[in-house]
Amino acid sequence: MNNETKPFSFKVPEPTSRPGDEPDFTGMDIPAAGSVRRPDIESSAEDMKDMARTMVRVLNRDGTAVGPWADPDLSSDTLLFGMRVMLKIRAFDHRMLSMQRQGKTSFYIQCTGEEAISVAHQLTLSPGDMNFPTYRQQGLLMAQDYPLEKMICQILSNEKDPLEGRQMPCLHSAREYGFFTLSGNLGTQFIHAVGWAMASAIKGDTRIASAWIGEGAAAENDFHSALVNASVYKPPVILNVVNNQWAISSFRGIAGGDHATFAERAHGYDIPSLRVDGNDFLAVLAASNWAVKRARRDLGPTLIEWVTYRAGAHSTADDPSKYRPKDESDAWPLGDPILRLKAHLISLGIWSEQRHIQAEAEFSDEIRSATKEAEKSGVLGEGSSRSAMFENVYKEMPDHLVKQQQELEN
Amino acid sequence: MTSMTMVEAIRDGIDIKLGEDDDVVVFGEDVGYFGGVFRCTSGLQEKYGKSRVFDAPINESGIVGAGVGMAAYGLRPCVEVQFADYIYPAYDQIVSEAARLRYRSNGDFTAPMTIRSPCGGGIFGGQTHSQSPEALFTHVSGLKTIMPSNPYDAKGLLIAAIEDDDPVIFFEPKRLYNGPFDGHHDRPSKNWTGHPLADVPDGHYTVPIGKASVYREGNALTVLAYGTMVHVSEAAAEETGTDAEIIDLRTLLPLDIETIETSVKKTGRCLIVHEATRTSGFGAELAAQVQENCFYHLEAPIIRVTGWDTPYPHAQEWHYFPGPARVGKAMQELMEVA
């Protein structure tokens, strides 16, 4: 019997590099594009455990789509549409950041580097399906041509803000677009998606839910709530974990994801999972399609870990140079989703450097004019009705709120 | 009209809504096959099937969170949190989500759901099966909070809660489930048989949310109470011979200040009784509102009789519980002020 003991050491995970260090992603295991198998959609979680420790990738270094996840029937129209939406989002984010610096909005959250995930995923969903988004999924709306001006009015909290100034910028709600109201209490929506999908199953419906959470918020108990309920009732839900490496200043290790992957967490719940290159538009499309098909055939939930990198700051209230190397984004080994799709489109002969530049200019113009139009309804809360703060607390305003509203007005 | 216990009345209310509305679903820990640890859903799974009435994992945030998602889909979940003491893991889902969907989405998404939970002590449940956390919910905008004191109100209020388009917290004093408990724990327990409010109409009816009832008319002083304390106050009034008017609040939020005001202006004296801890309890809100609305009619300072500011103890349960002796003494004190 070994009774050896020693004083304990307290362990706090550290990222490989901090400001001033060389970025270091050498520990990241990246399989060659096309090298990972594509399981049958009827596979059990047990049968595809290997899929959680590898990475589904389709686009190789030359921009060619290779391997079992490459879809030979993918149309040029879909690819070009995806490219255009990603460019539009990037231009939009750029513009909104400067609006914040000009004091026209209080806050903005960019999704730079993560555009492929929400855009390609949305292309696999159907009208009536419901996303339960977190931060950085503006692509779900943009991919459906959500009106730009309306989106900007929400961000400016102005007279035409569809949420009447009650909600922080970027925390949109758009039921008609299958976009659930965003919560700033990150993670809470993960179980809502499962509940929504349970309802869809209870009613014998055919609509599916798609849940979104970041790797940081995957530490929240709502993540467990979602997985345990998804495991028990097997509802038609896709559980997306966007692993962008950083939760404000905390690297993925602080969420328990330094060595074990987030995809592996599904195994304990008997939920099939995939780990996917989130900066590979074609891989996102293929994996999303795989999970959507499973859900539609009533085969239950799928968890997908999207491996990506938060290229920008967490929000306009954050400065990442304080906690990670400034050039870490450039060293990110999975590259930039727009540049990777661009190379693919050029290799297919359906895109060019010139068209790319043209498209960038086009979106920059479109967003500039949408912004100008939106600004006519006010900036930073201008035009919002103070009385509106009492509306929609309840369906019908109770007497005590009527009195308080009168007190404010008099 | 059938004589029912509070358990039977609650079950009947849920049964009626399950039968009337295909969008009503009922779930929680042990509520399906077994019918709930207090039997409030007994027989309902058998009657309506497993997709309408089912067991949930021991995960209160998940019970409420899944309910929010279902409600956003268009269902009307009526979920059970097995003990009010277990509701805290679900607090974020209730406060930040259920209560806020309508507001933050400007009516785009709503959460019409009922969260039922047994509360209160008197069953030797110690600190984890006895609490009355109603004030944690009346403090939250977007919620309605109810606590019935008898079978008639329980059924009517529960049906109203399930039909309400906003989230409702529905606390059920567990000590009242099988009889009108007056706080005399050392006497044989009474059952609901013969109590006028145990006569429950068959079929659908509602008791309006936001309306108090005058449980006992009187002229000497006003007692503001709800749940078990209605019966304790009644016993105290009878035992001290006080001509007390007892207002059963029934709904805590929205509060029926009108009924309270009418009574306090009539009697000029106000006693507030609740089982929950005192500091920042709902009694503090009641005292503030009585003062704001009735100050010039008050002939004596407002008195509160409540549980002590301690966790609910086990062996000392009956020293903690604000029974008829303490309430009666407060009534006498209130009457002694010239």
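Since we're looking at a predicted model, the values are computed, not measured. Order of the sequence lines fixes the chain letters, A, B, ..., with proteins taken first and strands second; residue numbering starts at 1 for each chain.
- Using a 4.5 Å cut-off on side-chain heavy atoms (C-beta onward), L253(B) and K144(B) make no contact.
- With salt bridges taken as basic N to acidic carboxylate O contacts below 4.0 Å, none links R166(A) and E391(A).
- Looking at D256(B), there are no atoms closer than 4.5 Å to chain A (heavy atoms on both sides), in backbone or side chain.
- Among K203(A), E176(A), M130(A), H400(A), the residue with the largest count of heavy-atom pairs under 4.5 Å with chain B is K203(A).
- Between Q137(A) and N240(A), the side chains place no donor N or O within less than 3.5 Å of an acceptor N or O (distance only, hydrogens not considered).
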*Hey, mind stepping through D85(B) and Q131(B) against side chain to side chain donor-acceptor pair (under 3.5 Å) and telling me if it holds?*
CA-CA 6 Å; D85(B) 316 70; Q131(B) 294 169 62; 3.0 Å; yes
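- The aromatic rings of H274(B) and Y226(B) are tilted relative to each other, their planes meeting at an angle between 30° and 60°.
- The candidate with the highest count of non-hydrogen atom pairs below 4.5 Å against chain B, out of A193(A), A197(A), S200(A), is S200(A).
- Screening D22(B), D164(B), D23(B), D165(B) against R76(B) for a salt bridge (charged side-chain N to carboxylate O under 4.0 Å, His left out) leaves a single residue, D165(B).
- Under the 4.5 Å side-chain criterion, counting only non-hydrogen atoms from C-beta, V242(A) is not in contact with I213(A).
- A side-chain donor-acceptor contact under 3.5 Å links S225(A) and S61(B).
- Of all the listed residues (V68(B), D166(B), L75(B)), the one sharing the greatest number of non-hydrogen pairs under 4.5 Å with chain A is D166(B).
- When each of S141(B), G210(B), S51(B), S105(B) is scored by its heavy-atom pairs under 4.5 Å with chain A, the top score falls to S105(B).
- When heavy atoms are compared at a cutoff of 4.5 Å, I63(B) does not approach chain A at all.
- Of the atoms belonging to P162(A), it is backbone heavy atoms, and not side-chain ones, that fall under 4.5 Å from chain B.
- Contacts with chain A were tallied for Q93(B), Q289(B), K50(B); Q93(B) has the most, counting heavy-atom pairs under 4.5 Å.
- V140(B) touches chain A through its backbone: at least one of N, CA, C or O sits under 4.5 Å from a heavy atom, while the side chain does not.
- Under a 4.0 Å N-O distance rule, the pair E258(B)/K211(B) does not qualify as a salt bridge.
- Neither the backbone nor the side chain of V64(B) comes within contact range of chain A; no heavy atom of the residue lies under 4.5 Å from a heavy atom of that chain.
- The candidate from R175(A), H224(A), Q167(A) with the greatest count of non-hydrogen atom pairs under 4.5 Å with chain B is R175(A).
- At distances below 3.5 Å, not a single donor-acceptor pair connects side-chain atoms of T145(B) with backbone N or O atoms of I169(B).
- With a threshold of 4.5 angstrom between heavy atoms, D108(B) approaches chain A through its backbone and through its side chain.
- For a residue to count as touching a neighbouring chain, one of its non-hydrogen atoms must lie under 4.5 Å from one of that chain's; by this rule A56(B) touches chain A with backbone and side chain alike.
- Proximity to chain B is limited to the side chain of D222(A), based on heavy atoms less than 4.5 angstrom apart.
- A parallel orientation is assigned to the rings of F190(A) and F223(A), their planes being inclined by less than 30° (bins at 30° and 60°).
- Interface remark: V232(A) contributes side-chain atoms only to the contact with chain B (heavy atom separation under 4.5 Å).
- Neither the backbone nor the side chain of H172(A) comes within contact range of chain B, judged by heavy atoms closer than 4.5 Å.
- Looking at I257(B), only its side chain comes within 4.5 Å of chain A, counting heavy atoms on both sides.
- Relative orientation of the Y135(A) and H314(A) rings is tilted, given thresholds of 30° and 60° on the angle between their planes.
- With a threshold of 4.5 angstrom between heavy atoms, M168(A) does not approach chain B through any atom at all.
- Annotation for K234(A): atom NZ counts as buried by contact number, over 12 foreign heavy atoms lying within 6.0 Å.
- Below 4.5 Å, heavy atoms of chain B meet heavy atoms from T181(A), L182(A), S183(A), N185(A), T188(A), all part of residues 181-189 of chain A.
- Between P236(A) and P301(A), every side-chain heavy-atom pair lies at or beyond the 4.5 Å cut-off.
- Side-chain atoms of E159(A) do not come within 3.5 Å of backbone N or O of S377(A) as any donor-acceptor pair.
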